[in-house]
Amino acid sequence: MEKRNRILIVDDTEMNRSLLADILSAEYDILEARDGIEAIALLGKYHTNISLVLLDIVMPRMDGFEVLTIMNKSGWIHSIPVITISAETSSSYIDHAYDLGATDYINRPFDEKTVQRRVRNTIMLYTKQKNLEGMVTEQILEKERYNFLMVEILSNIVEFRNGESGLHVLHIRVITELLLKKLVARTSRYNLTSSKIALIVNASALHDIGKISIPEDILNKPGRLTDEEFAIMKTHCAIGAQILQNAPNLQEEELIRVAHDICRWHHERYDGRGYPDGLKGEDIPIAAQVVSLADVYDALTSKRVYKPAYSHEESMRMILRGECGAFNPILLECLVDAGSHIEEEVRVNSPSGMSSMEIQSIATELIASNELRASNRTLALLDQERIKYRFFASMSQEVQFEYNIHSDLLEVSEWGARYLALPELIAHPKQSKQLQKVFPAADFQSFICLLRGTTPTDPIVSGSYCLSVQGEPRWFKVVARTLWDSEDRANYSTVIGKFIDIHEEQLELANLRQLAAQDSLTSLYNHRAAREAIEAKIAANEGKNFAMILFDVDYFKSANDQFGHIFGDEALKYVAQRMRQNIRQGDIAARVGGDEFLIFAECQSDAMPQIQRVFHTLTGQYKDFQISISMGISLCPENGEAYERLFHCADQALYSAKKSGRNQYRLYDKSIQGFLSVLSPMDN
């Protein structure tokens, strides 16, 4: 049986408690208190199992404000939402309750629907917060366990191959953490959050992983290295970085990216005299700078095969005098500040790991980045707005949606989810197979690209996409707006929008476009549309051969004069039909004048067989009229590659064919340059 939420009703009037209990007891377990003193006693006993407090303000012995004050002092207010109830509508009463942490306010007399809705929304909101906090903390703890295990393994590797104490990696972690915390206290220049510090500390364990590839006789040589040996030793930086560079999912895992920077640049020096790249000053990532200083300090204070251990005092003097290279002046100040603490901490064999307070701090920080910075009052108001939005969305019968970047969660309106046969909540939509069946991956990526182009001052985008609705393609216009975190103006945090059905309009538009591109009599391309299609084909098919064929019907005027214009139109339709039957799917056929037609076809290097076939299929008898044609042809690229040039050459060849007696075809050549045009100036 599913466990029910428990509500504590605090009111000095039994009738009020009874009314509220009647309204809520069907869904919740009820506790009742007659005043603030009884309420505090029940909270002390059951606070971990109370989901909500309905709190009267005006009560004897201890009023609602005093209860809120005690809940604040005990910390209960952070985990138990409070809705105040009172007939007092003074804004000072209400505002004071909000200031003390109340989530919402209900006035008497009670409206059953209002009470149920506000109670349900508030409990749901706090449940979401608790779940989120629990998930974030659990993830951090799990990741910390894995990272600590990695540190122990790397310590053993270093001890086994490098002849150093296996504590070196652990010391680096400790010193790095101490230096970073001192750095945060001194300056905000490097934007080092608690989570970023934890990340750098863990990544520091990988700083010397490149030494895996260095021969042991060089690693463990007791004396000074030769120039050649030192050159080999120095390669461990680049090798370690390359190992991490080749790690899978590098772009998605920040730990690997930070570790890569540390591996490659932890032997750089602030004055540019380090290796392998000779970086200088702030060109060196701060993570690498800190680990570099930690590495030098531990190397000095630890025994090595080639040297004894120096004391803390002597090591500090050597570093501060510049005997170990130049370091960031502010980091040297941090080293001095943390000096005694570092000396004490490195004596410890292993770090104790992150404290629960540190983990909670990071969890809080991450939750804050997920837009949970607002007060409980604001969150409750926002949730009420969400309820309104969902209500109107369900009434509007539109596909509305909301996408949160931080949680990577897409929420579709109730009606929209039913219409598209999708769940209302879709986690990781980019990878969702269900979503891809409705919204193709390529179109979805195109939509994401549109969103990336938004800014806080220009946050609205729109586009048209074909979705699959119950297996049938249907056109929609999407209008979306990005919402930006007030503290992060570089990236939007949320997207809201809706898909508007424009299928009928799109079909009508497509039909109008088709009509605009067609000759009304023959349904072939008209001249303008044919030109656009031919120019696109030439541009997209570089290196191919094409033939532009212009022809007109011989003695067509006599057909009109003898049989009438209706007969003439029927004859032209017959010619157009014969054209369609004798060209390939990718070829272009158009009517470019009264009885003038155009064919643009891909051809082989020898175009004559294809031209002859077309010529002969277009001649013949239509009723009592003998159809013959005169034809002029230009070749691409032989006669040119621009539409204007090809059309002009074919037109001159057509004139030459007609001048030579009609019912024949002619290829353009230099002998017919300067011939007149068959088509009118407007058509040409």
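- By the 4.5 Å heavy-atom criterion applied to side chains, Gln400 and Trp415 are not counted as neighbours.
- In this structure, Arg580 contributes its side chain and Ile583 its backbone to no donor-acceptor pair below 3.5 Å.
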Evaluate Asp261 against His266 for side-chain hydrogen bond (donor to acceptor under 3.5 Å, both in side chains), listing each step before the verdict.
CA-CA 8 Å; Asp261 292 351; His266 72 281; over 6 Å; no

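- The closest side-chain heavy-atom distance from Asp277 to Glu268 is below 4.5 Å.
- We find that Lys498 and Glu402 are not joined by a salt bridge, their nearest charged nitrogen and carboxylate oxygen being 4.0 Å or further apart.
- Remark: the Ser446 side chain and the Asp443 side chain contain no N/O donor-acceptor pair separated by less than 3.5 Å.
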Hey, mind stepping through Ser462 and Arg481 against side-chain hydrogen bond (donor to acceptor under 3.5 Å, both in side chains) and telling me if it holds?
CA-CA 9 Å; Ser462 64; Arg481 189 188 198 284; over 6 Å; no

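- Screening Leu572, Val575, Ile629 against Asp595 for a side-chain contact (heavy atoms from CB on, under 4.5 Å) leaves a single residue, Leu572.
- Between the side chains of Asn328 and Glu282, a donor-acceptor pair is found at a separation under 3.5 Å.
- Using a 3.5 Å distance cut-off with no hydrogens or angles, the side chains of Tyr419 and Glu414 do not pair a donor with an acceptor.
- Gln621 places a side-chain N or O within donor-acceptor distance of the main-chain N or O of Lys623, the cut-off being under 3.5 Å.
- Between Tyr465 and Phe476, the distance from one ring center to the other does not fall under 6.0 angstrom.
- The shortest side-chain heavy-atom distance between Asn582 and Val614 does not fall under the 4.5 Å cut-off.
- You'll find the side chain of Pro215 reaches within 4.5 Å of the side chain of Ile232, heavy atoms only.
- Two residues are said to be in side-chain contact when any heavy atoms from C-beta on lie closer than 4.5 Å; Leu244 and Arg264 fail this criterion.
- For the residue pair Thr619 and Arg578, no side-chain donor N or O sits within less than 3.5 Å of a side-chain acceptor on the partner.
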Could you walk me through whether Thr522 and Asp519 pass side-chain hydrogen bond (donor to acceptor under 3.5 Å, both in side chains), step by step?
CA-CA 6 Å; Thr522 63; Asp519 171 61; 2.7 Å; yes

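- By the neighbour-count criterion of 12 heavy atoms within 6.0 Å, atom CD1 of Ile460 is densely surrounded, having more than that number from other residues, nucleotides or ligands.
- Nearest heavy atom pair, residue Val412 against residue Ala417, reads CG1-N, 3.6 Å.
- Both tests hold for Arg662 against Tyr555: distance to the six-membered ring centre under 6.0 Å, angle to the ring axis within 45°.
- A heavy-atom distance below 4.5 Å is not found between the side chains of Leu206 and His260.
- For the pair Asp458 (side chain) and Thr455 (backbone), a donor-acceptor distance under 3.5 Å is absent.
- In this structure, the ring of Phe567 has its center less than 6.0 angstrom from the ring center of Tyr622.
- From Lys573, atom NZ reaches atom CG of Leu524 across 12.0 Å, with rounding to the nearest 0.5 Å.
- Remark: Gln626 CD to Asp554 CG distance equals 10.5 Å, nearest 0.5 Å.
- Here CZ of Phe563 is found 5.0 Å from CG of Asp624. Values are rounded to the nearest 0.5 Å.
- Without hydrogens or angle criteria, Gln664 side chain to Met631 main chain gives no donor-acceptor distance under 3.5 Å.
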List the steps and the verdict of side chain to side chain contact (heavy atoms under 4.5 Å, CB included) for Asn191 and Lys196.
CA-CA 9 Å; Asn191 190 28; Lys196 187 64 177 289; over 6 Å; no

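- Under 4.0 Å is where a charged nitrogen must lie from a carboxylate oxygen, and between Lys234 and Glu229 no such pair does.
- A salt bridge is defined here as a Lys NZ or Arg NE, NH1 or NH2 lying under 4.0 Å from an Asp or Glu carboxylate O, and Arg474 with Asp501 meets this definition.
- Checking Asn639 against Ser634 by side-chain atom types alone, no donor-acceptor pair falls below 3.5 Å.
- A donor-acceptor distance shorter than 3.5 angstrom exists from the side chain of Thr482 to the backbone of Pro459, with no hydrogens or angles considered.
- Note: Cys263 SG to Gln245 CD = 11.5 Å, rounded to the nearest 0.5 Å.
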With ring-ring contact (aromatic ring centres under 6.0 Å, His included) as the criterion, how do Phe439 and Phe499 come out once you've worked through the C-alpha distance, each side chain's angles and the decisive distance to 0.1 Å?
CA-CA 11 Å; Phe439 197 174; Phe499 283 83; 5.7 Å; yes

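- Classification of Lys280 and Asp283 as a salt-bridged pair fails, no side-chain N sitting under 4.0 Å from a carboxylate O.
- Of all non-hydrogen atoms in Leu435 and Ser432, the two that sit nearest each other are N-OG, 3.2 Å.
- Phe546 has its side chain out of reach of Leu635: every pair of non-hydrogen atoms, C-beta onward, lies at least 4.5 Å apart.
- Contact record, Ser656 with Arg666: OG-NH1, 2.6 Å, taken as the closest heavy-atom pair.
- Remark: the Tyr525 side chain and the Glu532 side chain contain no N/O donor-acceptor pair separated by less than 3.5 Å.
- Side chain of Arg528 to main chain of Ala530: no donor-acceptor pair is present (N/O by atom type, distance under 3.5 Å, no hydrogens or angles).
- Here the closest heavy-atom approach between residue Ser630 and residue Asn663 is recorded as OG-N, 3.3 Å.
- Considering every non-hydrogen atom in both Pro429 and Ile426, the closest pair reads CD-O, 3.9 Å.
- Ring centers of His527 and Phe647: under 6.0 Å apart, within the cut-off.
- Checked for salt-bridge contact, Asp408 and Lys430 miss the test: no charged N lies under 4.0 Å from a carboxylate O.
- Taking all atoms of both residues into account, the shortest heavy-atom contact from Pro276 to Cys237 is CD-CB, 4.1 Å.
- Within 6.0 Å of atom CD in Gln604, 12 or fewer heavy atoms from other residues, nucleotides or ligands are found, so the atom counts as exposed in its surroundings.
- Going from atom CD1 of Ile599 over to atom CD1 of Ile534 covers 10.5 Å, rounded to the nearest 0.5 Å.
- Ser292 and Arg269 share a donor-acceptor pair across their side chains, judged by distance under 3.5 Å alone.
- A distance of 6.0 Å separates CZ in Arg531 from OH in Tyr643, rounded to the nearest 0.5 Å.
- Side chain of His648 to backbone of Arg645: no donor-acceptor contact under 3.5 angstrom is found.
- Between Trp484 and Thr454 there is a side-chain heavy-atom pair separated by less than 4.5 Å.
- At distances below 3.5 Å, not a single donor-acceptor pair connects side-chain atoms of Gln434 with backbone N or O atoms of Leu422.
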